[in-house]
Visitor: 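First, the structure itself, so that you have it in front of you.
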Amino acid sequence: MNKSDIADVLNEIATLLELKGENPFKIRAYQNGARKLETLESDLADLVAEGRLKEVAGFGDALAQKITELHETGGLEFFEKLKASVEPGLVSMLEIPGLGAKKIKALHKELGLKSIEELKEACESGSVASLKGFGKKTAEKILSGIENREAYGKRHLWWDARAVAEPVLEGLKALPEVVEASHAGSFRRKRETVGDLDFIVASETPKPIMEWFVNQDDVKEVTAHGETKSSVRFESGLQADLRVVPPAQFAFALHHFTGSKDHNVAMRQRALAKGLSLSEWGLKPVEDEDFSNSKIAKSEADIFSCLGLEYVPPELREGMGEIEIAENGGIPKLLRGDSIRGSFHNHTTASDGRCSLEEMTEAAETLGWEYWGTADHSKASFQANGLDDARVLEQIKSIEALNDSGRFSTHVFAGIECDILGDGTLDLADETLMALDYVVASVHISMTQGESEMTKRLIRAIEHPATTMLGHLTGRILLRREGYKLDVAKVVDAAIANGVIIEINANPRRLDMDWRFWRQAADKGLLTSINPDAHRAEHFKFVSAGVNTARKGWLSEKHVFNTLSLAEVKQAFARRRPGLDRLK
DNA sequence: GCCGTTTTCGGCCCGACTGTTTTCAGTCG
């Protein structure tokens with residue numbers, strides 16, 4: 001089992017323990033262990049083989065043993081026994097908002113309920129409302145939770161959440177009572193998917209702000225409406241929380257609710273080492289009872305500075321060692337969206353794109369891009385009207401003609417998204433591939449190969465002399481499809497050795513290669529290109545989602561190929577292997 | 001279950017909000 005499979009098991013164990021009424025701190029230890037595993041940068045196989053799991057903070061004897069057993073055998077006896085001891089229907093009841101372990105236990109014990117169906121009947125018959133500790137409102141809330149379970153439980157793409165979040169933030173900022181406003185949480189950290197939205201507002205008069213928030217047009221349900229905190233649910237099922245704090249507390253609250261949890265833990269530990277206590281209320285001497293002597297922070301940068309740290313951008317606050325690095329002044333100057341000067345991997349009507357070569361070029365020019373490049377599908381992607389050798393050569397001619405015509409100030413590069421066939425060979429003739437400016441090699445077929453076969457296949461494609469970059473490394477579709485299994489480290493090493501770029505596919509559903517791999521890969525010398533995989537001109541704007549991924553992966557301008565000028569890109573393509581130039 | 005310059009036991013964040021309660025328990029973040 002790999003890291004994320006094992007993390008899933010640890011989280012399931014935590015859920016089961018919760019339903020059994022176990023010690024909450026034990027439960028937290030399992031959840032903490034799962035998070036640690038997900039963000040672990042070292043190779044799990046190495047840690048297990050060398051017996052070094054316990055060196056990771058958060059893994060003790062028990063977790064180290066369980067992780068080892070899961071990794072080596074793919075199963076865990078403890079987990080199987082635990083599962084058998086809990087009614088499975090109770091686990092799914094946890095998805096209903098307002099129902100926690102204690103209430104579920106009571107429902108099971110007092111009314112013998114074993115499934116959501118039985119729970120629904122019991123709510124309707126009135127037996128839930130008459131249970132001690134429950135009431136009419138609770139029963140109604142449970143019923144509505146059951147009906148909307150699917151929409152309420154699901155996560156949302158960052159990109160989709162942004163469409164909801166931006167107007168809310170603008171609305172808040174426009175209110176006269178609002179001094180300052182920001183989003184927070186995983187949305188602000190630019191995670192690829194988010195569970196809910198958080199807004200933090202500075203104001204001395206929260207009431208009218210709360211009123212505005214809960215009365216927005218597309219609010220479907222108000223789940224909390226207090227003096228300083230409110231929660232609403234939008235039509236899409238997305239939940240949003242608003243907290244209003246006095247202006248002096250704003251930076252502290254913003255930092256606290258931006259998280260991540262692990263980042264906050266590390267920050268609090270650092271504060272304690274300096275005799276200070278950090279929370280959403282302020283930064284005060286540990287011995288003080290209240291926050292009247294709290295340090296003053298006009299911005300988050302002041303908080304970091306009080307703790308002797310460089311400012312850490314929200315994207316890097318994942319508890320992956322950023323505090324130690326900030327202490328030594330090592331936080332990089334992260335890539336900015338305005339450094340992008342063009343993009344590769346885009347489709348036109350020649351394959352499955354919706355816009356013509358000219359329409360795409362016009363859009364690129366409007367964006368102020370110096371260049372863009374086509375990468376239509378190759379013939380193996382028959383369903384996408386992929387190009388054969390003859391059509392590729394024809395397209396090269398049209399592109400040359402368009403560039404020569406001087407109609408647009410934006411230069412067009414001729415590329416291809418060439419299929420990597422099952423055995424790792426490429427889908428077009430070598431002469432055709434070498435006639436192009438660049439080649440994006442991608443997997444679209446035979447995606448069910450095993451890990452070692454897929455790894456060999458990708459490395460073979462990387463080693464092809466025509467390959468310039470690798471498209472969407474794992475083929476994942478966020479919230480819908482897992483990527484195919486492969487040994488990322490081996491593929492990354494092969495790409496570096498061959499001077500091949502690995503793209504950040506900036507389609508908000510892909511964001512592949514994942515940000516979690518980038519810091520280490522870029523340190524070793526891997527170059528990326530942020531590619532929108534545009535199938536119509538509007539998709540060029542996906543690049544900003546790819547910039548998020550790059551920033552979360554600690555990348556700066558020098559790591560990103562499409563921050564180069566037109567002249568530099570031309571030079572690199574002339575030598576075929578952009579990454580090799582960089583290694584010199 | 002984890003952790004340790006109060007180190008092998010006893011802490012581990014805690015406050016806002018809701019609903020059911022007459023003073024608080026459960027959920028959530």
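Just so you know, these numbers come straight off a predicted model, no measurement behind them. The sequence lines fix the lettering, A, B, ..., with proteins before strands; numbering per chain opens at 1.
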Visitor: Taking B:dG11 as the reference, what is the distance to B:dT6 when you measure between their P atoms (whole Å, please)?
Guide: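 Going atom to atom, P in each nucleotide, I get 16 Å.
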Visitor: Taking only residues two or more places apart in sequence or in another chain, which ones pass side chain to side chain donor-acceptor pair (under 3.5 Å) with A:Q65?
Guide: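 In terms of side chain to side chain donor-acceptor pair (under 3.5 Å), with neighbours along the sequence ignored, A:Q65 is linked to A:E69.
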Visitor: Listed in order of residue number, which residues of residues 55-93 of chain A have a non-hydrogen atom at under 4.0 Å from DNA chain B?
Guide: A:A57, A:G58, A:F59, A:G60, A:D61, A:A62, A:L63, A:K66
Visitor: By the 4.0 Å heavy-atom rule, please label A:N32 as base, sugar-phosphate, or nothing.
Guide: nothing
Visitor: For A:F59, does the six-membered ring have the charged nitrogen or CZ of A:K54 within the cation-pi criterion, i.e. under 6.0 angstrom from the centroid and within 45° of the normal?
Guide: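 A:K54 over A:F59 ring: no.
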Visitor: Could you tell me which residues satisfy side chain to side chain donor-acceptor pair (under 3.5 Å) with A:D241, sequence neighbours excluded, listed by chain and number?
Guide: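 With sequence neighbours excluded, A:D241 shows a side chain to side chain donor-acceptor pair (under 3.5 Å) to A:S231, A:Q239, given in chain and number order.
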Visitor: After noting the C-alpha distance and the side-chain angles of A:S182 and A:F250, does the key distance pass the side-chain contact (heavy atoms from CB on, under 4.5 Å) rule?
Guide: CA-CA 10 Å; A:S182 172; A:F250 179 75; 4.1 Å; yes
Visitor: Look at all strands and tell whether A:P24 reaches a base, only sugar-phosphate, or nothing, counting heavy atoms closer than 4.0 Å.
Guide: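 Answer is nothing: A:P24 stays at 4.0 Å or more from every strand.
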Visitor: Which nucleotide in the set B:dT27, B:dT20, B:dG15 lies at the smallest distance from any side-chain heavy atom of A:W281?
Guide: B:dG15
Visitor: Evaluate the side-chain proximity of A:L47 to A:V56: yes if any heavy-atom separation is below 4.5 Å, no if none is.
Guide: yes
Visitor: Quantified in whole Å, what is the P atom distance between nucleotide B:dT20 and nucleotide B:dG26?
Guide: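 To the nearest whole Å, 14 Å.
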Visitor: Applying side chain to side chain donor-acceptor pair (under 3.5 Å), can you list everything that pairs with A:N293, at least two apart in sequence or on another chain?
Guide: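 A:N293 satisfies side chain to side chain donor-acceptor pair (under 3.5 Å) with A:D288 once adjacent residues are dropped.
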Visitor: Quick test of your reading: applying salt bridge (Lys or Arg N to Asp or Glu O under 4.0 Å), list the pairs with at least one residue in residues 168-180 of chain A, sequence neighbours left out, ordered by first then second residue.
Guide: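 Every candidate salt bridge (Lys or Arg N to Asp or Glu O under 4.0 Å) pair involving residues 168-180 of chain A fails, so no pair, neighbours aside, qualifies.
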Visitor: Please measure how far the P atom in B:dC24 lies from the corresponding atom in B:dC13, and state the result in whole Å.
Guide: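 Their P atoms lie roughly 24 Å apart.
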Visitor: Enumerate the salt bridge (Lys or Arg N to Asp or Glu O under 4.0 Å) contacts for residues 80-95 of chain A, please, sequence neighbours excluded, ordered by first and then second residue.
Guide: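 Matches after skipping sequence neighbours: A:E77-A:K81, A:E80-A:K83, A:E95-A:R149.
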Visitor: Got a sec, which pairs hit ring pair (Phe, Tyr, Trp, His ring centres under 6.0 Å) with one end in residues 306-335 of chain A, sequence neighbours left out?
Guide: A:F304-A:Y311
Visitor: Which residues in residues 103-136 of chain A have at least one heavy atom lying under 4.0 Å from any atom of DNA chain B?
Guide: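 When residues 103-136 of chain A is checked for heavy atoms under 4.0 Å from DNA chain B, the hits, listed by number, are A:K103, A:G133, A:F134, A:G135, A:K136.
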Visitor: Expressed as a whole number of Å, how far does the C1' atom of B:dG10 sit from that of B:dA16?
Guide: 28 Å
Visitor: State the pairing partner of B:dG19; accept Watson-Crick or G-U wobble contacts with both distances under 3.5 Å, and report none otherwise.
Guide: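 Base partner found: B:dC24.
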Visitor: Whole angstroms only, please: what is the CZ-P distance between A:R243 and B:dC14?
Guide: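 One finds 16 Å between P of B:dC14 and CZ of A:R243, rounded.
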Visitor: Listing request: all side chain to side chain donor-acceptor pair (under 3.5 Å) pairs with a residue in residues 125-136 of chain A, at least two apart in sequence or in separate chains.
Guide: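 Side chain to side chain donor-acceptor pair (under 3.5 Å) check on residues 125-136 of chain A returns A:S125-A:S127.
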Visitor: What integer number of Å spans the P atoms of B:dT23 and B:dC9?
Guide: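 So the two P atoms sit 40 Å from each other.
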Visitor: Return the polar atom pairs (N/O with N/O) between nucleotides 8-13 of chain B and the protein under 3.5 Å, or none.
Guide:
{"residue": "B:dC13", "atom": "OP1", "partner": "A:R28", "partner atom": "NH1", "Å": "2.3"}

Visitor: Go through the structure and list residues passing side chain to side chain donor-acceptor pair (under 3.5 Å) with A:E322, not counting sequence neighbours.
Guide: A:H263
Visitor: When you measure from every atom of DNA chain B, which of residues 205-217 of chain A have a heavy atom less than 4.0 Å away?
Guide: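 When residues 205-217 of chain A is checked for heavy atoms under 4.0 Å from DNA chain B, there are no hits whatsoever.
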Visitor: Where the side chain of A:K229 is concerned, which of B:dA16, B:dT18, B:dG1 is the nearest nucleotide?
Guide: B:dA16
Visitor: Per the side-chain hydrogen bond (donor to acceptor under 3.5 Å, both in side chains) rule, which among A:E192, A:E318, A:E315 passes with A:K552?
Guide: A:E318
Visitor: Provide the distance between the two C1' atoms, one in B:dT8 and one in B:dC3, to the nearest whole Å.
Guide: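 To the nearest whole Å, 10 Å.
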Visitor: As a quick check of understanding, evaluate ring-ring contact (aromatic ring centres under 6.0 Å, His included) for A:F252 and A:W281, giving each step before the final call.
Guide: CA-CA 6 Å; A:F252 295 107; A:W281 308 106; over 10 Å; no
